[in-house]
2 protein chains.
Amino acid sequence: MNTSSDVPIDTAAPVLKLLGDKTRLTMAGLLMERECCVCEFTEIFDMSQPAVSQHLRKLRDAGVVLETRRGQWVFYALNTEHKMYPLVKSIMNGMPSQKEKLDELEKNGNHVVWCDTKR
Amino acid sequence: MNTSSDVPIDTAAPVLKLLGDKTRLTMAGLLMERECCVCEFTEIFDMSQPAVSQHLRKLRDAGVVLETRRGQWVFYALNTEHKMYPLVKSIMNGMPSQKEKLDELEKNGNHVVWCDTKR
DNA sequence: TTGACATATAAGCATATTCTTATATAATGA
DNA sequence: TCATTATATAAGAATATGCTTATATGTCAA
């Protein structure tokens with residue numbers, strides 16, 4: 001049976017492929033907790049900064065995440081308006097929480113909080 | 001929060017990658033309806049028989065599907081006992097039904113039914 | 001304006017993926 | 001046993017992927 005919330009195979013497959021990479025799947029898990037700064041990703045993942053950037057770009061190009069610049073930092077968040085968000089969410093709901101990784105960062109004082117002092 | 005049904009990122013990512021291919025995602029959709037004979041897949045997909053066989057092998061190697069030989073035919077079914085089955089099911093539940101493709105085959109008399117006349 | 005920091009892009013390389021064609025294996029039935 | 005049908009495996013080619021290093025761009029603050 002089809003329902004109005006169904007999404008074509010052709011649309012879903014590329015999203016699944018994106019999440020089929022361990023790094024990007026973990027990124028999605030982190031973004032389920034809260035939006036994250038690129039610098040947090042580069043802390044967490046054992047790879048070069050460009051590699052992190054390229055993974056984020058793929059997620060962004062697919063519309064799965066949204067990018068926001070705040071000062072010299074760029075934050076990424078899950079795009080909850082995206083047509084594939086329900087799929088992403090249902091997948092991530094079965095995954096272990098990545099909160100500990102973020103707690104670890106914050107414990108080490110690496111949590112970027114941006115305050116617009118010019119406002 | 002983690003729950004006992006959570007599955008590690010390392011385990012889930014390869015399954016998502018498998019389903020991230022349009023052909024294999026459609027195969028999974030077909031198998032959500034019923035078990036299928038290899039010959040049905042070769043009818044449905046516009047690719048060579050070896051290509052179909054190779055996709056099925058990947059799904060089988062990952063444990064996502066089970067293979068059963070019946071006479072000269074080989075049938076594949078979703079492995080409902082596999083630890084990743086809940087994930088697979090939750091993904092497929094959001095996908096459009098592939099039942100029409102199977103109905104089409106059966107209408108054309110291409111549905112293989114195996115009866116063990118030697119029994 | 002300049003230096004430092006954060007991030008993105010470019011280019012190149014190694015490996016993975018997904019086809020194809022050719023061939024091997026397995027089961028059936030004359 | 002032999003031909004036929006169903007499926008799997010092997011080998012090779014084209015393309016995709018994911019990393020690296022080098023460099024460019026954007027922002028801030030002195």
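Keep in mind the model is a prediction, meaning the values are calculated, not measured. Chain naming here is simple, since letters A, B, ... match the order of the sequence lines and numbering starts at 1 in each.
Residue contacts for A/E40: at a heavy-atom cut-off of 4.0 Å it reaches no nucleic acid atom on any strand shown. B/K22 comes within 4.0 angstrom of nothing in the nucleic acid, heavy atoms only.
What separates CG of B/L25 from C1' of C/dT17 is a distance of 17 Å, to the nearest Å. Atom pair B/E67:CD and D/dA6:P shows a separation of 17 Å (rounding to whole Å applied).
Distances shorter than 4.0 Å separate none of the side-chain N or O atoms of A/H55 from OP1 or OP2 on D/dT17. For the OP1/OP2 pair of C/dT17 and a distance below 4.0 Å, the side-chain nitrogens and oxygens of A/K17 include no atom meeting the criterion. Using a 4.0 Å cut-off, some side-chain N or O of A/S48 falls inside it from OP1 or OP2 of D/dT20. Distances shown here put every side-chain N or O of B/K58 at or beyond 4.0 Å from the OP1 or OP2 atom of C/dT17. Listed pair B/R57 / D/dT9 meets the phosphate criterion, a side-chain N or O lying under 4.0 Å from OP1 or OP2. At the phosphate of C/dT18, OP1 or OP2 sits under 4.0 Å from a side-chain N or O atom of B/R24. Dashed line: the shortest gap from a side-chain N or O of B/Y76 to OP1 or OP2 of D/dA6 is not under 4.0 Å.
With D/dT7, C/dA27, D/dC28 as the choices, the nucleotide that has an atom nearest any side-chain atom of A/Q72 turns out to be D/dC28. Side-chain proximity of A/W73 to C/dT9, C/dA6, C/dA27: nearest is C/dA6. Distance from the side chain of A/Q54 is smallest to D/dC19 among D/dT9, C/dA6, D/dC19. Of the candidates C/dT7, C/dA8, D/dT7, C/dA8 carries the atom nearest the A/P50 side chain, counting heavy atoms from C-beta on.
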Check: Are A/N79 and A/V65 close enough, and set up right, to give a side-chain contact (heavy atoms from CB on, under 4.5 Å), and what steps lead you there?
Finding: CA-CA 5 Å; A/N79 181 359; A/V65 302; 5.7 Å; no
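Taking a 6.0 Å sphere around CD of B/E100, one finds it holds 12 or fewer heavy atoms contributed by other residues, nucleotides or ligands.
Heavy-atom distances to DNA chain C give each of B/D46 and A/L56 a nearest nucleotide, and the one nearer the 5′ end belongs to A/L56. For the pair A/Q49 and A/D21, nearest-nucleotide mapping onto DNA chain D gives the more 5' position to A/D21. Mapped onto DNA chain C by nearest heavy atom, B/G71 and A/A51 fall at different nucleotides, with A/A51 at the one closer to the 5' end.
Within the cation-pi definition used here (under 6.0 Å to the ring centroid, within 45° of the axis), A/R70 qualifies as a partner of A/F75.
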